[in-house]
Amino acid sequence: MAVGAAIRGPMLLGVAAAACFASTFVLNRWMSVAGGSWLWSACLRFLLMVAPMTALVWVRGGLPGVAASLRARPGVWLLWSTVGFGLFYAPVTWAGDAGAGWLVASTWQLTIVAGIVIGALGGGGLPRRTLAASLLIVAGVALAQVQHAEGTGWRTALRVVLPVLVAAVAYPLGNRRLLGLDGLDGAQRTLAMTVGSLPLWLAMAAVAGATAGPPPMSQLLRCLAVALLSGVVATTLFFRATDRVRGDSAALGAVEATQAAEVPFTLLGEALLVGVAAPDGAGWAGLGLVVTGLCFHALRPPRHAAG
């Protein structure tokens, strides 16, 4: 069973995005261990994204389209950007204070199932094969949590699971509500959503300044790295991948499932930078189920070309 030609390219883009997205979990955990405020870690990523994203879209000649769409639909961009970026990244960053980056990354894979359910509720159907593969990922997430719960208690484990669950629903919901709006491509949509979510990040920066003082230079530099790798490169690649398959609900679910590759990338990054303990037997088994679910998504039967 081979990967269909229509899905191969978008999935490769998704895996490349996952490698860059992994920097979020690694660097957020590194900043947490170093004592940086999670509020600064959350808001600085998007505040620091504005300039490079604007430059990228300007070079590609896309700024007029972004400006026109923001003027025409300010409420839409404010609402769904706050959902898709704000209610995604703030909870994920907060969860990074409670658990290792690989644990947050594995729990984040619940977004795959959330995306499928959102698509089904929107009339996109519920592909059984895609749902079955995603349930494997859910089982893997649950198994990976056992190690963390045994070491810190279930209350602390829930400090990871519950906020990441909110983020896992918010990200595909905001993304899908703005997918293809006014013909904006992935880079344009990333910039428009960054601008649309700015009120939240500016408010969070004010709270961070009042409660934690200014961010240290080390945290500022790590946030800049997250902004460039995850915010600019990864988000643009991922949005481009979803744009290309938006007419095929099963293919869209499969592309969203490439985010499971964030888990091994995060494990590697943490081993090199943070020195966290490796998963135990249950953790490795859970990660194995997550990767197996990703493979089942990738090996779906070819369907019509979409996007």
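Count residues from 1 along the sequence.
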[X] side, atom [atom1]; [Y] side, atom [atom2] - distance, nearest 0.5 Å:
X      : Y      : atom1 : atom2 : value
Met193 : Arg177 : CE    : CZ    : 12.0 Å
Thr111 : Tyr171 : OG1   : OH    : 8.0 Å
Phe239 : Asp185 : CZ    : CG    : 11.5 Å
Leu221 : Leu27  : CG    : CG    : 11.0 Å
Thr93  : Trp40  : OG1   : CH2   : 14.0 Å
Arg73  : Leu79  : CZ    : CG    : 13.5 Å

### Task
Walk me through it: do Thr236 and Met53 pass the test side chain to side chain contact (heavy atoms under 4.5 Å, CB included)?
CA-CA 9 Å; Thr236 301; Met53 279 307 310; 4.0 Å; yes
Please report the shortest heavy-atom distance between [X] and [Y], naming the atom on each side.
X      : Y      : answer
Ser41  : Cys223 : CA-SG, 3.7 Å
Ala95  : Val104 : O-CG2, 3.9 Å
Ala90  : Met204 : CB-CE, 3.9 Å
Leu136 : Leu289 : O-CB, 3.7 Å
Val255 : Ala241 : CG1-CB, 3.7 Å
Pro172 : Ile118 : CG-CD1, 4.0 Å

Determine whether [X] and [Y] fall in the same hydrophobic cluster, where Ile, Leu, Val, Met, Phe, Trp and Tyr are linked whenever their side-chain heavy atoms lie under 4.5 Å apart.
X      : Y      : value
Leu63  : Val232 : yes
Leu229 : Phe238 : no
Val166 : Trp201 : no
Leu173 : Val92  : yes

Within the distance-only criterion (no hydrogens, no angle test), does the side chain of [X] pair as donor or acceptor with the backbone N or O of [Y] below 3.5 angstrom?
X      : Y      : answer
Arg189 : Leu181 : no
Thr235 : Gly231 : yes
Gln219 : Ser37  : yes

For a quick test of your reading: what N or O donor-acceptor pairs under 3.5 Å do the side chains of residues 82-89 make, sequence neighbours left out?
from, atom 1, to, atom 2, distance (Å)
Thr82, OG1, Leu78, O, 2.6
Tyr89, OH, Asn28, OD1, 3.4
Tyr89, OH, Asn28, ND2, 3.1

### Query
Hydrophobic clusters join Ile, Leu, Val, Met, Phe, Trp and Tyr when side-chain heavy atoms are under 4.5 Å apart, directly or via other members; which others share one with Val233?
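The other cluster members (ILVMFWY side chains, heavy atoms under 4.5 Å, direct or chained) are Leu13, Leu237.
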### Query
Can Arg176 be said to sit on top of Trp80's aromatic six-ring, NZ or CZ under 6.0 Å from centre and within 45° of the ring axis?
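So Arg176 doesn't make the cation-pi contact.
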### Query
Side chains of Leu47 and Leu198: does their closest heavy-atom pair fall under 4.5 Å?
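Yes, side chains in contact.
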### Task
Go through the steps for Leu228 and Leu48 under the test side chain to side chain contact (heavy atoms under 4.5 Å, CB included), then give the verdict.
CA-CA 8 Å; Leu228 295 175; Leu48 293 171; over 6 Å; no
### Query
Taking only residues two or more places apart in sequence or in another chain, which ones pass salt bridge (charged side-chain N to carboxylate O under 4.0 Å, His left out) with Arg240?
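Salt bridge (charged side-chain N to carboxylate O under 4.0 Å, His left out) check on Arg240 returns nothing, list empty.
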### Query
Can Arg71 and Trp77 be said to form a side chain to side chain contact (heavy atoms under 4.5 Å, CB included), step by step?
CA-CA 10 Å; Arg71 284 196 301 268; Trp77 284 108; over 6 Å; no
### Query
Can you check whether Trp108 and Phe21 have ring centres sitting under 6.0 Å from each other?
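Centroid distance Trp108-Phe21: not below 6.0 Å, so no.
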### Working for side chain to side chain contact (heavy atoms under 4.5 Å, CB included), residues Thr258 and Leu12
CA-CA 8 Å; Thr258 59; Leu12 288 174; over 6 Å; no
### Message
Can you confirm whether the side chains of Trp58 and Thr54 place a donor and an acceptor under 3.5 Å from each other?
### Response
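Trp58 vs Thr54: no donor-acceptor pair found between side chains.
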